[in-house]
Chemist: 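First the structure, then my questions, so here it is.
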Amino acid sequence: MALEIERERTSHIAELTPEPAGLTAGERAHEPSRYERVARALGWFSVGLGAWQLLYPRGVTRAIGVRADPGLVRALGAREIASGVAILAQKRPAPLALHARVAGDLVDLGLMGAAWNARRTDRTRLAIGAAAVLGVTALDVVCSQKLRASRAARPIELHASVAVQRTPEELYKFWRELSNLPRVLSHVEAIETYEGGRFRVQGKRVAGRELSWDAQIIDDIPNEQFTWSSTTSAPLASRGQVSFRPLGGDRGTSLQLSLRFEPRPGTVASTLLHMLGDAPEQLLKAELRRFKQWIETGELATTEGQPSGKRSLVSRHLP
Amino acid sequence: MKANCWYGKNDVRVEDVPDPKLLNPRDAIVRVTSTAICGSDLHLYDGYIPTMYQGDILGHEFMGEVVEVGPAVDNLSVGDRVVVPFPISCGACFFCSRKLYSLCENSNPNAWMAEKMWGHSPAGLFGYSHMLGGYAGGQAEYARVPFADVGPIKVPDGLSDEQVLFLSDIFPTGYMAAENCNIQEGDTVAVWGAGPVGLFALKSARLLGAERVIAIDRFPERLARAAQHCDAEVLNYEQVGVQEALNEMTGGRGPDACIDAVGMEAHSHGAFGAYDAAKQALKMETDRPNALREAILACRSGGTLSIPGVYGGLLDKLPFGAVVNKAITIKTGQTHVQRYLHGLLEYIQNGEIDPSFVVTHRLPLTDAPKAYDMFKHKQDACIKVVLKPGTDEPIETSVHA
């Protein structure tokens, strides 16, 4: 049933990596890049070195030929483990976590420098140790730069889903009437629709900047799903898909929304998106939840404006 | 208005706060005539429930008079006398349509917090942490009631506040706990904790046909009420070994169903007691599940374990091997209060139960801090406190059964 889109009409559709937007979680799991693997290895290195410092501080100082307070070495070990865990805890290691390692390397080098002139220092061993630290520092710096570069070029994919107590037909009807969407998507101010599945999105003002872009429905299966893509004139190449799958019995419909943005390096829009980090997916999920509340109950659950006793400085700003 | 607010561990204060307003079309505002302190409020008072913020208005057991209704509330009018269930439920989502009201998907504006902790979010509750909605509670002169067309039940004037107030939580909670036991002819039901929920569980188990009900507690006044009002046999766990006693009472088989009406702050002696106290103090476990451990071990093979007691997070040293090898069915959950309201109101109207038998203390709302302290330390044989807003006069210091 897919709407046939004529060839010449699609020629102005922005070029995106031909991967479809609506991927399952399994398909979206990515292969780690080479530098992400290096970063993880550095993370494990931190944990291992830290454990050695924590458990056998004298062994460490003997190896690098210095005399030092075991308490200090243990503290350095704890820091080392913390920076390792910070890298390993992330699904995709962030450049920032490696910066913490670099800072740690510099502290180590500083302490080694201070020990150079101490009376009982074995300078040969210390020089070898310092060279090793310098080598790892270089690797940390290179790795964090590469990660940063690959991040900026990576497309941003957002995916969220929600179960709604309505039929796929009802939900399709609501979503396919694109002028309804500003009521659902908070980053969209207005949508104007034109002939042939074309539409213009007026985004909410961000930091005083108005952003609007043209897009077009490129695939449409009534009552199941439809896909749209930005056109070449848009400042940000984007593609979106919304699908509606019955959950069986009286379980309603699974509504899945996928958005994919391809940054054009240096543009304001892409910088902004990257600054948001993980937040957009959370926001998207919250928006779908609000949509569900609104369609199922006719209102949005809120406590905004209810009374409370005096709030502390902290709790005043919490949700 | 005056409202009882949470400020931290062992710190609640009655403050002057703004009156609540209608915020949504399906809201109503209720002038609270009676409100109670729940045993689960003590988990907040003791600081064991995360995401409480200073200034939060407490209270999830309340009733009163409707003074304002939103434009979308078509079944209530100003002047109606209502009891308000503690879970906030939309009435329309997947769970509400299956009468699983405490699992409503649409009433918790902070669902993401609960999802982080538990995987999925249950319904929002009145006055019970931001993770569960952050709704202002009913220990106040007025309360805003969301989805007022679904939750509140109108109650006839012929019944006193204290006869119907506990429809808001503890009576349905005790009743659901008994219902979850799937009671068959001849069954023996043992209930850990003869506080208000335990008492209602004992009474409900009787109403549902249990042959014998056994109350386990250490406070003589609670056990006395269990014996007198619920026709229960009683075990004081400071005087007898619970498991041995239960075995002896059941020919060595154990009770057919066990109810843990204690929850996360169980008292216990000996090694397990010290172990849990130490771990909880160090924040290495959130709950002290000693009643639960005992109930699992005491329950007969193929029996049912029903848990109305509140647990919040992570539990240690649960004998789960016993659950598997004795084929025990576990049933639990926050109460789907709305499901039980009409049936239980009928029990009250027919005179089959008068829920006011649990009340020991009546105090003005302004005495809430004193009341929490007294309830926590079980001073003056305190079992259940009812707070009356809008008065500063002492009502009755205590009524002993």
Side-chain angles (χ1 to χ4, degrees), chain A residues 25 89 158 160-168 170-171 184 186 244-255 278-319, chain B residues 1 3-8 12-27 51-58 70 72 88-98 104-113 115 121 123-124 130 133-136 140 142-144 146-147 150:
Chain A
L158 309 175
S161 66
V162 69
V164 186
Q165 210 59 1
R166 289 287 182 277
T167 63
E170 289 169 307
L171 294 180
V184 184
S186 62
F244 315 94
R245 308 260 179 273
L247 284 166
D250 61 352
R251 283 164 184 74
T253 299
S254 164
L255 186 163
D278 281 341
E281 198 150 79
Q282 296 283 343
L283 291 177
L284 201 63
K285 196 165 180 205
E287 289 185 347
L288 289 190
R289 202 195 297 278
R290 283 196 291 272
F291 166 72
K292 170 192 168 67
Q293 286 180 3
W294 183 73
I295 212 102
E296 288 184 355
T297 74
E299 60 184 46
L300 301 179
T302 185
T303 55
E304 207 128 329
Q306 73 175 8
S308 76
K310 285 184 288 292
R311 295 289 193 200
S312 70
L313 261 177
V314 179
S315 61
R316 205 172 298 155
H317 300 286
L318 294 169
Chain B
M1 66 166 182
N4 184 38
C5 305
W6 184 94
Y7 279 91
V12 299
R13 302 172 206 166
V14 176
E15 303 261 294
D16 284 304
V17 305
D19 287 350
K21 302 181 297 246
L22 297 174
L23 300 177
N24 265 332
R26 294 172 65 185
D27 288 356
T51 71
M52 286 296 292
Y53 303 150
Q54 291 193 352
D56 286 348
I57 299 174
L58 293 171
I88 300 170
S89 315
C90 78
C93 68
F94 170 76
F95 292 101
C96 285
S97 58
R98 296 188 162 205
C104 174
E105 290 179 307
N106 286 323
S107 62
N108 184 357
N110 303 326
W112 61 273
M113 292 187 190
E115 283 172 357
S121 172
H130 287 257
Y135 288 98
Y142 294 89
R144 166 194 167 231
F147 299 127
V150 176

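Numbered from 1 within each chain, the chains take letters A, B, ... in sequence-line order. As a basis for the values below, the full set of heavy atoms in this structure was taken, side chains included, without hydrogen atoms, waters or symmetry mates.
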Chemist: Got a second to check how far A:Glu304's CD is from B:Asn24's CG, nearest 0.5 Å?
Modeler: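 Answer rounded to 0.5 Å: 11.5 Å.
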
Chemist: Can you name the nearest heavy-atom pair linking B:Pro109 to A:Ala301, along with the distance?
Modeler: CB-O, 3.7 Å

Chemist: As an exercise, state the distance from CD of A:Gln165 to SG of B:Cys96, rounded to the nearest 0.5 Å.
Modeler: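 Going from CD on A:Gln165 over to SG on B:Cys96, the span is 10.0 Å.
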
Chemist: B:Arg26 versus chain A, heavy atoms under 4.5 Å apart: side chain, backbone, both or neither?
Modeler: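 Interface part for B:Arg26: both.
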
Chemist: What pairs of residues pass the ring pair (Phe, Tyr, Trp, His ring centres under 6.0 Å) test when at least one of them lies in residues 281-307 of chain A, not counting sequence neighbours?
Modeler: A:Phe174-A:Phe291, A:Phe174-A:Trp294, A:Trp175-A:Phe291

Chemist: Taking all non-hydrogen atoms of both residues into account, name the closest pair between B:Phe147 and A:Glu299 and its distance.
Modeler: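 Closest approach of B:Phe147 to A:Glu299: CE2-OE2, 3.5 Å.
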
Chemist: Taking the side chain as every heavy atom from C-beta outward, state whether B:Asp56 and A:Arg311 have any pair of such atoms under 4.5 Å apart.
Modeler: yes

Chemist: Who passes side chain to side chain contact (heavy atoms under 4.5 Å, CB included) against B:Arg98, sequence neighbours left out?
Modeler: A:Asp250, A:Arg251, B:Phe94, B:Leu100

Chemist: Select, from B:Gly124, B:Ala136, B:Ala92, the one with the greatest count of heavy-atom pairs under 4.5 Å involving chain A.
Modeler: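 It is B:Ala136.
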
Chemist: Can you tell me how far SG of B:Cys93 sits from NZ of A:Lys292, rounded to the nearest 0.5 angstrom?
Modeler: 6.0 Å

Chemist: Is it the side chain or the backbone of B:Thr51 that comes within 4.5 Å of chain A heavy atoms, both, or neither?
Modeler: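 Neither part.
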
Chemist: Only pairs of heavy atoms separated by less than 4.5 Å count here; which of B:Lys21, B:Glu15, B:Glu115, B:Arg13 has the most with chain A?
Modeler: B:Glu115

Chemist: If you compare all heavy atoms of B:Tyr135 against all heavy atoms of A:Thr302, which two are closest, and at what distance to 0.1 Å?
Modeler: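 Nearest heavy atoms, B:Tyr135 then A:Thr302: CE2-O, 3.7 Å.
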
Chemist: Working to the nearest 0.5 Å, report the span between SG of B:Cys90 and CD of A:Glu296.
Modeler: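 Here the rounded value is 6.0 Å.
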
Chemist: B:Pro146 versus chain A, heavy atoms under 4.5 Å apart: side chain, backbone, both or neither?
Modeler: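 Neither; nothing under 4.5 Å.
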
Chemist: Would you mind telling me which of B:Ile57, B:Asn108, B:Val150 has the largest number of heavy-atom pairs within less than 4.5 Å of chain A?
Modeler: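 Result: the option with the highest number of such pairs is B:Ile57.
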
Chemist: Which heavy atom of A:Pro307 sits nearest to which heavy atom of B:Asp19, and what is that distance?
Modeler: CG-C, 4.4 Å

Chemist: Considering non-hydrogen atoms only, spot the tightest contact between A:Gln306 and B:Gly134 and give its length.
Modeler: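 In terms of heavy atoms, the two residues are closest at NE2-O, 2.6 Å.
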
Chemist: So what's closer than 4.5 Å to chain A heavy atoms on B:Tyr7: side chain, backbone, both or neither?
Modeler: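 It is the side chain, since no backbone atom gets that close.
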
Chemist: Rounded to the nearest 0.5 Å, what separates atom CZ in A:Arg289 from atom CH2 in B:Trp112?
Modeler: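 Separation between the atoms: 10.5 Å.
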
